[in-house]
Amino acid sequence: MCGRYLLSYDLEDLIKILEERWNIRQPNIDYYEPSYNIAPGQKIIALYKENNEVAAGSFRWGIEPSWSKNKSRLLINARSETVEEKSTFRDSYSNRRCLILTNGFYEWKRNGGKTPYYITLNEAGLFSYAGLWDYYNDNGIMKKACSILTMESNGSMSKIHNRMPVILNASQEKIWLSENYKDQDLLNPMDSSLLHIHEVSSYVNKWSNNSKKCIEPVVNEQISF
DNA sequence: CCAGACGTTGTT
DNA sequence: GTCTGG
DNA sequence: CCAGACGTTGTT
DNA sequence: GTCTGG
């Protein structure tokens, strides 16, 4: 699963990357703070198609279906295996795919307790998760929310957790956002040998802890006699 | 037809 | 809203 | 995802 | 345990 991640670039650097890599000149970002600890419900940045152009926009992390009575139960993930058939996601899958910008995520390994790990893509810097978006009604104002697709973990990721986010490479990103995307087998693309993983401290557990300390490696102390 | 679920994860 | 189950 | 709350009434 | 909030 993917329930906590980061996007820690300064706004200036992020805007530069958006222009160089996506030719986005006027990102429609109404709120951004660099974060080492993005939690469900927060404002995040994603790329989506608007007027047939790739645009950057602000989204809430967590889709809330229009019929939902329990407004606080956000759908932060969507299973890639079933996204085409589930009524909650099917329309978004057809018409509202997005790329959720990131430079790494966290996963907790259950082992009696829970140990957090920081996972990133080797040398890639900024990358993205395949996502879906939909509108939600915020006191009469329609706003955008999104979910991160998940897939079965493979390789070293499966030692930590059985699920991982769907990560797309540059060419897959373009296909994912294209209007004529059909089922091009993009939902299970990541070879986790490309991922770099290291243990971090439980400092990251608390969402309000938002600093570089979240991603600092923990070296397990050897107990010597 | 109406009633009830509709999502994911982890844990049990 | 839309689908499934009875 | 994890952390933290989880209840009511009356009085200040 | 289960729900809410970030």
Side-chain angles (χ1 to χ4, degrees), chain A residues 1-8 31-45 58-98 100 102-120 129-139 142-154 157-167 187-188 197-211 213-215 218:
Chain A
M1 190 200 190
C2 186
R4 208 75 79 76
Y5 75 99
L6 61 154
L7 181 61
S8 58
Y31 174 82
Y32 176 72
E33 289 290 335
S35 181
Y36 288 90
N37 208 341
I38 299 173
Q42 295 183 343
K43 277 272 181 180
I44 64 166
I45 307 246
S58 291
F59 292 73
R60 181 187 64 189
W61 183 16
I63 284 177
E64 168 195 298
S66 56
W67 41 261
S68 177
K69 283 172 190 157
N70 191 340
K71 296 292 181 190
S72 62
R73 236 156 122 172
L74 302 177
L75 309 177
I76 63 168
N77 293 135
R79 290 179 67 87
S80 57
E81 295 91 335
T82 55
V83 84
E84 196 169 6
E85 60 200 54
K86 297 283 184 182
S87 57
T88 306
F89 294 123
R90 195 173 42 215
D91 195 45
S92 291
Y93 179 64
S94 297
N95 302 311
R96 291 183 302 278
R97 295 178 299 279
C98 64
I100 294 157
T102 185
N103 52 312
F105 62 102
Y106 304 100
E107 208 70 83
W108 281 260
K109 179 176 179 170
R110 306 263 162 184
N111 44 14
K114 55 195 171 188
T115 309
Y117 288 83
Y118 170 55
I119 302 108
T120 191
Y129 310 119
L132 304 175
W133 68 273
D134 208 341
Y135 292 102
Y136 69 99
N137 187 330
D138 182 22
N139 293 317
M142 297 312 278
K143 296 185 177 174
K144 301 186 197 75
C146 62
S147 297
I148 295 175
L149 296 201
T150 64
M151 60 185 250
E152 189 82 15
S153 287
N154 59 52
M157 261 313 292
S158 54
K159 292 176 190 151
I160 296 174
H161 202 76
N162 64 331
R163 306 290 297 173
M164 61 186 268
V166 173
I167 298 169
L187 295 181
N188 216 17
I197 304 173
H198 70 235
E199 186 179 335
V200 293
S201 87
S202 58
Y203 176 80
V204 72
N205 290 16
K206 192 165 177 164
W207 58 80
S208 54
N209 288 342
N210 177 2
S211 75
K213 194 178 171 188
C214 289
I215 65 173
V218 160

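Lettering follows sequence order; numbering is per chain, from 1.
A heavy atom lying under 4.0 Å from DNA chain B marks none of the residues of residues 36-45 of chain A.
Shown here, D/dC2 forms a base pair with E/dG5; the pair counts as Watson-Crick or G-U wobble because both key distances fall under 3.5 Å. Partner assigned to D/dG7 is none, using Watson-Crick or G-U wobble distances below 3.5 angstrom.
A donor-acceptor pair is defined here as one N or O able to donate and one able to accept, closer than 3.5 Å; no such pair exists between the side chain of A/Arg96 and the backbone of A/Tyr93. Between the side chain of A/Ser92 and the backbone N or O of A/Trp133 there is at least one donor-acceptor pair closer than 3.5 Å. Between the side chain of A/Ser147 and the backbone N or O of A/Leu75, at least one donor-acceptor pair lies under 3.5 Å.
Computed from coordinates, the A/Asn209 CG to D/dC1 P distance equals 19 Å when rounded to whole Å. Rounded to an integer number of Å, the gap from OH of A/Tyr117 to P of D/dC2 is 14 Å. Rounded to whole Å, atom C1' of D/dC1 lies 5 Å from atom CZ of A/Arg4.
Residue A/Arg60 is classed as having no contact, given no heavy-atom separation below 4.0 Å to the nucleic acid.
Side-chain contact between A/Tyr135 and A/Lys144 is present, with at least one heavy-atom pair separated by less than 4.5 Å. Inter-residue side-chain proximity for A/Ile100 and A/Phe59 is flagged as unmet; no heavy-atom pair is nearer than 4.5 Å.
With respect to A/Glu199 and A/Lys159, no salt bridge is recorded, no charged nitrogen being found less than 4.0 Å from a carboxylate O. Salt bridge status for A/Glu84 with A/Arg90: absent, with no side-chain N to carboxylate O gap under 4.0 Å.
On the P atoms, D/dT8 is 15 Å away from E/dG5, given to the nearest whole Å. Only the C1' atoms considered, B/dG7 is 24 Å distant from D/dC6, to the nearest whole Å. Using atom P as the reference point in both D/dC1 and B/dT9, the two lie 8 Å apart (nearest Å). Atom name P, nucleotides D/dC2 and B/dT12: the rounded distance is 13 Å, in whole Å. Separating the P atom of B/dG4 from that of D/dG10 is a span of 36 Å, rounded to the nearest Å. As rounded to the nearest Å, B/dA5 and E/dG6 have P atoms that lie 28 Å from one another.
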Any N/O pairs under 3.5 Å between the protein and nucleotides 4-6 of chain C? List them or say none.
none

Report each atom pair, protein N/O against N/O of nucleotides 5-9 of chain B, whose distance is under 3.5 angstrom.
unit_1 : atom_1 : unit_2   : atom_2 : d
B/dC6  : O3'    : A/Thr88  : OG1    : 3.2
B/dG7  : OP1    : A/Thr88  : OG1    : 3.4
B/dG7  : O6     : A/Arg73  : NH2    : 3.1
B/dG7  : N1     : A/Arg73  : NE     : 3.1
B/dG7  : N1     : A/Arg73  : NH2    : 2.7
B/dG7  : N2     : A/Arg73  : NE     : 2.7
B/dT8  : OP1    : A/Arg79  : N      : 2.9
B/dT9  : OP1    : A/Thr150 : OG1    : 2.7
B/dT9  : OP1    : A/Arg163 : NE     : 3.2
B/dT9  : OP2    : A/Arg79  : NH1    : 2.8
B/dT9  : O3'    : A/His161 : NE2    : 3.3

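Applying the ring pair (Phe, Tyr, Trp, His ring centres under 6.0 Å) test to A/Phe89 and every residue at least two apart in sequence or in another chain returns nothing. Listed by chain and residue number, nothing satisfies the salt bridge (Lys or Arg N to Asp or Glu O under 4.0 Å) test with A/Glu33 (two or more places apart in sequence, or in another chain). The ring pair (Phe, Tyr, Trp, His ring centres under 6.0 Å) test applied to A/Trp207 returns no partner, not counting sequence neighbours.
Nearest heavy-atom pair across A/Gly3 and A/Trp61 is C-CH2, 3.3 Å.
For A/Lys43 and A/Tyr31, the positive end is not near the middle of the six-membered ring at less than 6.0 Å and at most 45° from its axis.
For A/Lys114 and D/dA3, the shortest distance from a side-chain N or O to OP1 or OP2 is below 4.0 Å.
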